[in-house]
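A quick write-up on the structure given underneath.
The model shown is predicted, which means the values in this text are computed figures rather than measured ones.
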Amino acid sequence: MFDLDDPTLLFRADVLDDPAPLYAQLRRRAPVWEMPGTGTFVVSSAELVTEAVNRPADFSSNLLSLVFRGDDGRPVVFDMTRLGAAIYVLATADAPTHTVHRKLLQPAFSPGAVERLAGSVAETADALLDPLLRTGRGDAATRLAEPLPVRMICRVVGIPDDDVAALAPLVLQSNDLLAGVLDAEMMASAATAAMETTKYLTDLLAGWRAGDRAEPTICRVLAGAVAAEEITFEDAVGILVQLLGAGTETTTGLIGRAVLQLARDPSLQQRVRDRPDLVPAVLEETLRIDGPFRFHYRAVTHDTELGGVRIPAGSRLLLMWASANLDDAEIDRPEQFDVERPVPRAHFAFGRGIHFCIGAPLARLEGRIVLERLLARTTSFAVDDDRAVRIRPSIFLRRLASLPLTLVPA
């Protein structure tokens with residue numbers, strides 16, 4: 001049993017490593033739980049997460065503030081409004097602004113547009129697998145799960161191939177700003193990486209705005225929208241920052257976790273190798289049981305209540321997708337990894353409602369092709385017992401820091 005009067009629960013090492021026991025207790029005893037003294041309310045049941053999503057007038061998607069661990073180990077609130085209008089774009093925008101932004105980007109993530117990337121994804125996956133298969137071992141987190149999504153989202157955005165190698169580590173490091181558990185030095189490094197990323201994207205978009213380029217990329221779309229005064233230049237840069245961060249993190253977490261699941265379960269691995277049609281189900285169960293994002297923030301616009309709990313204006317909600325995905329009131333046998341579920345996509349890993357992840361089709365395509373290529377090119381792979389699997393500490397993200405494998409080529 002966890003002490004729900006302890007405001008540091010989300011930051012504890014055991015919870016960072018395995019949050020499921022805490023989620024279970026919260027769903028039973030406090031499905032809307034205030035982290036003591038923070039004005040931050042954790043929403044853990046599937047029913048109440050769904051209700052909150054459907055009440056945008058009460059719970060705004062604007063990222064006005066977030067929580068992180070202070071020097072004394074207790075949660076501290078960080079004011080995001082000092083960062084300017086970029087906190088009101090796409091995933092952190094409410095309607096009608098969100099509608100405008102999503103409409104601009106939707107063609108780039110349509111089923112047809114995504115499927116046209118399949119060949120490039122397969123080519124990239126094979127190139128990244130080659131050195132792992134030659135040596136028979138290697139870190140699948142840093143050498144496969146991380147680089148492939150960065151390359152793909154950069155291609156969709158319109159970032160020159162020559163810039164990707166330098167930009168990729170900056171994007172991944174920038175995402176750590178939301179981890180909530182970094183010390184001051186690491187926070188400073190992440191902030192510097194975020195500023196460098198934003199400067200690069202600002203200069204890139206300014207070049208697109210000044211030029212006349214024919215490539216059908218998101219940069220071109222946003223540059224045209226800025227020229228037509230549909231959105232501001234600052235919002236366009238903010239959209240690019242979000243796309244790079246989320247587009248990288250979502251698929252990196254998904255690929256790493258799915259590979260780990262198969263590496264730890266030889267019978268399932270062989271079953272899926274014999275039946276590649278099960279690969280999509282493996283991805284959906286991975287998303288449900290341990291998806292890339294634990295939660296997303298909502299800002300409380302006025303005094304209200306949720307689940308019988310009074311919530312004052314100015315508070316934050318943490319919509320715990322990860323907990324809702326394990327709610328036995330919503331899902332049968334939620335603790336079991338079951339690739340035969342009748343409705344495999346009935347989970348919260350990509351969010352719900354109008355903010356459902358716009359890049360979900362791309363994440364699913366990349367995950368599917370990586371698993372297909374890995375299974376087809378090996379007779380087996382397993383976790384390397386000589387090295388440790390490590391998770392990057394974060395209250396927000398579920399990315400592997402290392403995934404050492406041994407591989408037997410086919």
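With hydrogens and angles ignored, the 3.5 Å screen pairs no side-chain donor or acceptor of Glu285 with any backbone N or O of Val339. Side-chain N or O atoms of Ser45 include none that pairs as donor or acceptor with a backbone N or O of Asp327 at under 3.5 Å. In this structure, the side chain of Arg392 does not engage the main chain of Leu397 through any donor-acceptor pair within 3.5 Å. A donor-acceptor pair under 3.5 Å is formed between the side chain of Thr92 and the backbone N or O of Val89. Panel note: side chain His355, backbone Ala93; a donor-acceptor pair is recorded below 3.5 Å. Put simply, the side chain of Asn175 gets close to the backbone of Gly245: a donor and an acceptor are under 3.5 Å apart. In terms of modelled atom types and a separation under 3.5 Å, the side chain of Thr301 and the main chain of Ala57 share a donor-acceptor contact. When atom types are taken as modelled, the side chain of Gln261 and the backbone of Thr286 share no donor-acceptor pair closer than 3.5 angstrom. A distance-only check finds a donor-acceptor pair linking the side chain of Arg288 to the backbone of Asn325 [under 3.5 Å]. Ser189 contributes a side-chain N or O that, together with a main-chain N or O of Glu185, makes up a donor-acceptor pair within less than 3.5 Å.
In this structure, CG in Leu128 is found 10.5 Å from OG1 in Thr142, a value given to the nearest 0.5 Å. To the nearest 0.5 Å, atom CD1 of residue Ile369 and atom CG of residue Leu148 are 8.5 Å apart. To the nearest 0.5 angstrom, Leu201 atom CG is 12.0 Å from Ile239 atom CD1. Taking CD1 from Ile331 and CD from Gln336, the interatomic distance works out to 12.5 Å, rounded to the nearest 0.5 Å. To the nearest 0.5 Å, atom OG1 of residue Thr379 and atom CD of residue Gln270 are 8.5 Å apart. Atom CG of Asn62 is separated from atom NE2 of His98 by 11.5 Å, given to the nearest 0.5 angstrom.
For the pair Asp139 and Leu132, the tightest heavy-atom approach, listed with the atom from each and the gap, is N-CD2, 4.1 Å. Counting all heavy atoms, side chain and backbone alike, Gly138 lies closest to Arg387 at C-NH1, 4.3 Å. Residues Ala141 and Pro147 approach most closely at O-CD, 4.3 Å, considering heavy atoms. Considering all non-hydrogen atoms of both residues, Pro149 and Gly247 come closest at CB-O, 4.1 Å. Considering all non-hydrogen atoms of both residues, Thr232 and Val226 come closest at O-CG2, 3.8 Å. Of all the heavy atoms in Pro409 and Leu133, the pair that sits closest is CG-O, 3.5 Å.
Considering only residues two or more places apart in sequence or on other chains, Phe348 meets the ring pair (Phe, Tyr, Trp, His ring centres under 6.0 Å) condition with none of them. Scored by the salt bridge (charged side-chain N to carboxylate O under 4.0 Å, His left out) test, Asp126 finds Arg373, Arg377 as partners (sequence neighbours excluded). Applying the side-chain contact (heavy atoms from CB on, under 4.5 Å) test to Asp71 and every residue at least two apart in sequence or in another chain returns nothing. The salt bridge (charged side-chain N to carboxylate O under 4.0 Å, His left out) check on Arg55 picks up Glu51, Asp58, with sequence neighbours excluded. Taking the salt bridge (charged side-chain N to carboxylate O under 4.0 Å, His left out) definition, one finds that Asp14 meets it with Arg12, sequence neighbours left out. For Arg275, the side-chain hydrogen bond (donor to acceptor under 3.5 Å, both in side chains) criterion is met by Asp277, not counting sequence neighbours. Applying the salt bridge (charged side-chain N to carboxylate O under 4.0 Å, His left out) rule to Glu305 yields no partners; only residues at least two apart in sequence or on another chain are considered.
Residues Ser61 and Arg298 meet the side-chain proximity criterion, which asks for heavy atoms closer than 4.5 Å. Here the side chains of Asp332 and Asp338 are not in contact, with every heavy-atom distance at 4.5 Å or above. A 4.5 Å side-chain heavy-atom check between Ile311 and Val32 finds at least one atom pair inside the cut-off. Counting only heavy atoms from C-beta outward, the side chains of Glu330 and Glu47 never approach each other to under 4.5 Å. Counting heavy atoms from C-beta outward, Phe337 and Val282 have side chains that approach closer than 4.5 Å. Residues Leu244 and Leu167 form a side-chain contact, since some pair of their non-hydrogen atoms from C-beta on lies under 4.5 Å apart. Side-chain contact between Thr378 and Val408 is absent, with no heavy-atom pair separated by less than 4.5 Å. The closest side-chain heavy-atom distance from Phe350 to Thr250 is below 4.5 Å.
Identified under the ring-ring contact (aromatic ring centres under 6.0 Å, His included) test for residues 371-410, with sequence neighbours left out: Phe293-Phe396, Phe295-Phe396, His296-Phe396. The ring-ring contact (aromatic ring centres under 6.0 Å, His included) contacts involving residues 51-74 comprise nothing, where partners must be two or more places apart or lie in separate chains. Counting only residues at least two apart or in different chains, salt bridge (Lys or Arg N to Asp or Glu O under 4.0 Å) contacts with residues 393-410 comprise Glu146-Arg399, Asp176-Arg399, Glu249-Arg399, Asp290-Arg398.
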Output, in order, the C-alpha distance, side-chain angles, deciding distance and verdict of salt bridge (Lys or Arg N to Asp or Glu O under 4.0 Å) for Glu196 and Lys199. CA-CA 5 Å; Glu196 291 180 17; Lys199 182 182 185 306; over 6 Å; no
Determine, stepwise, if the pair Leu10 / Val67 fulfils side-chain contact (heavy atoms from CB on, under 4.5 Å). CA-CA 10 Å; Leu10 289 186; Val67 290; 5.9 Å; no
Evaluate side chain to side chain donor-acceptor pair (under 3.5 Å) for Thr40 paired with Arg316, printing each intermediate quantity in order. CA-CA 5 Å; Thr40 301; Arg316 285 153 301 285; 2.9 Å; yes
Extract all donor-acceptor atom pairs below 3.5 Å that involve side chains of residues 99-115 and protein atoms in other chains or at least two apart in sequence.
unit_1 : atom_1 : unit_2 : atom_2 : d
His101 : ND1    : Leu90  : N      : 3.0
Arg102 : NH1    : Ile354 : O      : 3.3
Arg102 : NH1    : Phe356 : O      : 3.0
Arg102 : NH2    : Phe356 : O      : 2.7
Ser110 : OG     : Pro107 : O      : 3.2
Ser110 : OG     : Ala113 : N      : 3.2

With a cut-off of 3.5 Å and sequence neighbours excluded, list every side-chain donor-acceptor pair involving residues 150-160.
unit_1 : atom_1 : unit_2 : atom_2 : d
Arg155 : NH1    : Ser120 : OG     : 2.1

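Within a 6.0 Å radius of CD in Glu335, other residues, nucleotides and ligands contribute more than 12 heavy atoms.
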